[in-house]
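First comes the structure, then the notes that go with it.
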Amino acid sequence: HVYLLLSKCVGLLYSSASSLPSRCFRCKDIDVLPTLKLSCFPTALTMEIVYVYTKKRNEFGRQCNFSDRSAELHVDILPDPSLAVNFIERDPCDVPIQCTQEMSEHEVNTERFESDTRGINHVEGGWPKDVNPHEMEQTIRFRKKVEKDENYISTVMQLGNNMEHCIKQNNAIDIYREYFEEEEVVEESEVQPSAKTINVFRDPNEVKRTASSLSWHPDGSRKLAVAYSSLEFQKVSKDMSLNSYIWDIENPNKPEMTLKPVSPLVCLEYNPKDCHILVGGSYNGQIAYWDTRKGSQPVEMSTIEHSHRDPVYRVIWLQSKTGTDTFSASTDGQVLWWDIRKMSEPTERLILDPNKKGNLDNALGAISLEFETTMPTKFMVGTEQGLVVSCNRKAKTPAEKIVCMYSGHHGPIYALQRNPFFPKNFLTVADWTARIWSEDIKESSIMWTKYHTAYLSDGSWSPVRPSVFFTIKMDGTLDVWDFLFKQNDPTLSVKVCDEALNSLRVQDNGHFLACGSQLGTVTLLEISSGLCTLQKNEKALATAMFERETKREKILEARHREMRLKERSRSEQSKEEDTKEGDGEESPEELITRIEKDFYEIVEAELKKRDKGEEKKVADAIKSD
Amino acid sequence: MAEVEETLKRIQTHKGVIGTIVVNAEGIPIRTTLDNSATVQYAGLLHQLTMKARSTVRDIDPQNDLTFLRIRSKKHEIMAAPDKEYMLIVIQNPSEQPQD
């Protein structure tokens, strides 16, 4: 039996045995025999209401079969007015209630503790009995006696040494001061710098062309425009496609849009003001611009007569109110300015003649351009001859347009860029080195990398960190340099692909970069966060480094100038004294003949030596036989 | 005799040293550069403290012994070098210059 005691009521109780169902409360299997026991005592009124559930033993263990039933009234105890006689009604009923902590008060009486205030008067103690402390004579005599004691002398010497040590210690440094409490624990993230390939975009055409230029979409960098062309001399085949593509970086399978120029594009740039406009410089020297809303054909192209005579290697948008000005550079020695609304003629023309005479035959071929929007009147041109020409656009005469030249490279300058944080310093990438220059020092660069085994083809500063720059090489590696961390080697060197890399472009956030290879493969890389987050004090350290190197170069330059002056004055003097010809200037032809003669002499001597060596060997061999 | 003089003089002339006292085991100041009341005070108080410190050190390790006692307060540093029979006390004002 399962008993269920429903309630046990104490107090005012009434009862009446009303409807007592015999069926189960919820479960059908259980029989309920409700029993109602009432025991009404005058003193302790208790009533037991009992509700019984029964279950047959053989039905134990069966699963429960629950069912829904409506509520049933089991017990209804109605009031019995007759019992009220035993009670007196109290009216009104006033009961105070308080919800507080209960506390009690208790008194305690402790034992008395008496305290008193006393002072201590120190008196010289320990004087031996025969010495009266108050008498000066006696005390002095006593003291003198002690001082003569051997023990005293040695003890004081020894203690004195110890003491001196501590005194000096105190004077040297404050040993209790909190040092280094301002410096927080430098969280050195031990993450190795790394670069991860995110996506690879391959040239969809059969015949692969070089990805010669890359440009990120100015708004959010979701798209990448790639210019494809074949820069190798006369390697253009008939099947080679002329198209360049715009890729969506999420979709490497198919380019988002095709640009169909008349001649392959060597360079391509998005307009930073208008993200639908792109300008491209092509292999035949023409400039064209596209509007991505208007389709794959160029909206307008420059006329052939007024364009460049050589491939246009670089085209940059200028900062202007209309946002339609660009300028382009080519190896024909000209820098042309264009307004894309009127492409029939360039708005301005500059000939890169180092003699400032505007002579096209003498002109240096331009390979790269540099323009910083914060300095709109100045721009720099990197030439094939290894010179960087700094120009001023606002000069009145063409001669004044060329301000100065920086020499130091042995080959064409493929990349030229000012440091976004320190515009006075710029990076050039050419031949086998990358160099950092300061505008003030014209004779040499202030910092340079070592000579690599592979040719460097492009380079760029990081837009977020002033001390980081990237370079790519012809053996397919990308180098990330951080000159505050390591000056001799790149901080990170990644082999991107097996073929040569030709172009590089870093996204504005500094986190992603794209590099294009000779076979038209563009690889999108993600740089580890350590290389694209600004470190503490980085700007200050970079400034300090630049200043230091600039100063060093300035000093060297001054020294060289001094030495040259001395040389010149000395050679002038010696010219007067000396009658021998050959000192001083030789004409180039004489120089060449002299060098040739020397060369042949050396070769002859070497050959003779070798022959002699051979003979000797043969003779030795014969002898030994 | 002369070396003692020289030593004490050298100690006294170090930078920041305010006073030097040599006390014997009974608390009698043998040599002092401070005035009498101060000397007596220092001698008495430091003697007790040194004894206490020594007994503490020896309680922890009976083989050990107190060699030097330094009390640095806000105003100056009191250094006591105890010995079996005598004690050398020096009060110094350590230089507060930050040495980086």
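To find a chain, count down the sequence lines: A is the first, B the second, and so on, and within it residues start at 1.
A salt bridge links A:Arg418 and A:Glu439; the closest N-O separation between the charged side-chain nitrogens and carboxylate oxygens is under 4.0 Å. Taking a cutoff of 4.0 Å between a charged side-chain nitrogen and a carboxylate oxygen, B:Arg31 and B:Glu5 qualify as a salt bridge.
Of the two parts of B:Tyr86, the backbone and the side chain both hold a non-hydrogen atom closer than 4.5 Å to a non-hydrogen atom of chain A. For B:Val4, the parts lying near chain A are the backbone and the side chain together; criterion is any non-hydrogen pair under 4.5 Å. If you measure heavy-atom distances from B:Glu77 to chain A, the contacts under 4.5 Å come from the side chain alone. Residue contact with chain A, scored on non-hydrogen atoms closer than 4.5 Å, involves the backbone and the side chain of B:Val90 alike. No part of B:Ala43 comes within reach of chain A, as not one of its non-hydrogen atoms sits under 4.5 angstrom from that chain.
When the candidates A:Ile153, A:Asn162, A:Asn161, A:Val156 are compared by the number of heavy-atom contacts under 4.5 Å with chain B, A:Ile153 comes out ahead. Counting heavy-atom pairs closer than 4.5 Å to chain B, the top residue among A:Glu147, A:Met157, A:Met163, A:Lys168 is A:Met163.
A donor-acceptor pair shorter than 3.5 Å cannot be found between the side chains of A:Thr155 and B:Glu85. With 3.5 Å as the limit, one finds a donor-acceptor pair spanning the side chains of A:Thr428 and A:Trp437.
If you take CD1 on B:Ile78 and OH on B:Tyr42, they are separated by 4.5 Å, rounding to the nearest 0.5 Å.
Under the 4.5 Å side-chain criterion, counting only non-hydrogen atoms from C-beta, A:Ser462 is not in contact with A:Phe469.
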